[in-house]
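What follows is a short report on a single structure.
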Protein chains: 2
Amino acid sequence: MEMDAQEKLLAAGTRLFAQKGFAAVSIRELSQAAETNSSLISYYFGGKEGLYAAVLEKQFASVDSVIASVRERHLSPVERIEAYAQGVLTAHTQNPYIIRFLYSEFANPTPAFEAIQKEVRKIYEFLHQTINEGITRGQFRADLNPAHAVLAIAGMMNFYFISRPLRRYFLPAEGEHDAQYFEDALKIYLNGVTKHGD
Amino acid sequence: MEMDAQEKLLAAGTRLFAQKGFAAVSIRELSQAAETNSSLISYYFGGKEGLYAAVLEKQFASVDSVIASVRERHLSPVERIEAYAQGVLTAHTQNPYIIRFLYSEFANPTPAFEAIQKEVRKIYEFLHQTINEGITRGQFRADLNPAHAVLAIAGMMNFYFISRPLRRYFLPAEGEHDAQYFEDALKIYLNGVTKHGD
DNA sequence: GTCTATATTGCGATAGAC
DNA sequence: GTCTATCGCAATATAGAC
């Protein structure tokens, strides 16, 4: 462990802002969770908003590295879709709170939104280009609308994590089927977009 | 129009709670948006929390009617998947804020969560049964995991609305392609789950 | 049924001791 | 670098006039 007050505040902020949203968390609650003093939030981060910005920045830095590692490899369209799915799984597994922040910013943008938008756009363009290439190469159905095909795969992959808290209430003791879901969803998707009668 | 104070508060609460979240909206802001007085929130709803509960109740009542109308029809598995997609489109079109409340409750359940959970469970079981029947009838692939197939279709359909606010920032002037997206996504999904070599 | 006025609590930020 | 104490303000709720 060995965390100083600044690190403990960042950790507490990540958890609490993700769980309850920015407005619902007070600096008193934050400082108690971090076992430190509320005045240190201003000292280190310039206030509650500054702490929130620091939390977001750290979250999305890790996303960026995942994207970059996928982009630089030379892969076929199908392999790229698979790499995207694996990247989503990796990102959400490494960082279970990121989907909350992403959605919070969708719904109610803060100044940090611009940076997030840039990340999302990179992913969108990567997928869009992948679909187009798959069509051009004759591997994907020619009647595919690329923008819609992108939304379809992104929805299949991200909704799994979005719906996680709710699923825990009514699905039989979901162990950790994450990898299996991604495999199954990929099969449905690739089967749905590729040409048949091969 | 002809709205009394109670109706105006309910309308203002729906918009503001959806846009900013429960904690980020004050009763002053609410009463100003409704062009009335903050004390009326307590008078009619017993307080800010009561107004929020009333907003949620009204939102999910409309979802229930959509589900019920789909369930009672006699449809084949493929037709039921199509009816589900149409139902999602209808519900979100009639009520653009519902996805926000749904997600807010996923992330941070309030006492209203129990009722929402019941609605979601109904939808889940409808889809699960549909997939199973499709497999039994030999229309869907036998190696399909029903739970995963449900999540895949729910993700494709709901993520479209979840991502709407963000898409507006980087997609070329999305007109209203909603119906077209649903058609395209359905084609991918059904193509992905049904048996081939027919 | 709707308003004004106000009681009370909790908020975020900061001054200043150590 | 971390604490205590406190300031000023905005929050929700309510009492009471009309």
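Here is the naming used below: chain letters follow the sequence lines, and residue numbers restart at 1 for every chain. The figures here come from the full heavy-atom set of this structure, side chains too, leaving out hydrogens, waters and symmetry mates.
Between A/Y44 and D/dT2, a side-chain N or O to OP1/OP2 separation shorter than 4.0 Å is present. Of the side-chain N and O atoms in A/S39, none sit less than 4.0 angstrom from OP1 or OP2 of D/dT2.
For the pair A/K48 NZ and C/dG10 P, the interatomic distance rounds to 15 Å; values are reported in whole Å. Separating the CZ atom of A/F22 from the P atom of C/dG12 is a distance of 8 Å, rounded to the nearest angstrom. Distance A/Y43 OH to C/dG16 P: 17 Å, rounded to the nearest Å. Rounding to whole angstrom units, CG of residue A/L40 and C1' of C/dT14 are separated by 12 Å. As a whole-Å value, the separation of B/L51 CG from D/dA13 P is 10 Å. The nearest whole Å value for the distance from the CD atom in A/Q32 to the C1' atom in D/dT4 is 15 Å. Per the geometry, CD1 belonging to B/I27 stands 15 Å off C1' belonging to C/dC11, to the nearest Å. Across the protein-nucleic acid pair, A/E29 atom CD and C/dA13 atom P stand 15 Å apart, rounded to whole Å.
Taking the six-membered ring for Trp and thresholds of 30 and 60 degrees, A/Y160 and A/Y181 have nearly parallel ring planes, at less than 30 degrees apart.
Each of B/D4 and B/S38 was assigned the nucleotide of DNA chain C with the nearest heavy atom; the assignment lying further toward the 5' end belongs to B/D4.
Comparing C/dC3, D/dC3, C/dT2 by their closest approach to the side chain of B/N37 singles out C/dC3. Each of D/dA13, D/dT6, C/dT2 was ranked by its minimum atom distance to the side chain of B/S42; first place goes to D/dA13.
Taking the charged nitrogens against the carboxylate oxygens, B/R73 and B/E79 have no contact shorter than 4.0 Å, which rules out a salt bridge. Ionic pairing of B/D178 and B/R164 is present here: one or more N-O contacts between side-chain nitrogen and carboxylate oxygen are shorter than 4.0 angstrom. Salt-bridge check for A/R137 with A/E133: passed, with a basic side-chain N closer than 4.0 Å to an acidic carboxylate O.
One cannot find a donor-acceptor pair under 3.5 Å joining the base of C/dC11 and the side-chain atoms of A/S26. On a pure distance criterion of 3.5 Å, a polar donor-acceptor pair joins the side chain of A/R28 and the base of C/dG12.
Follow the hydrophobic side-chain contacts under 4.5 Å out from B/F140 and you never reach B/L75; the two are in separate clusters.
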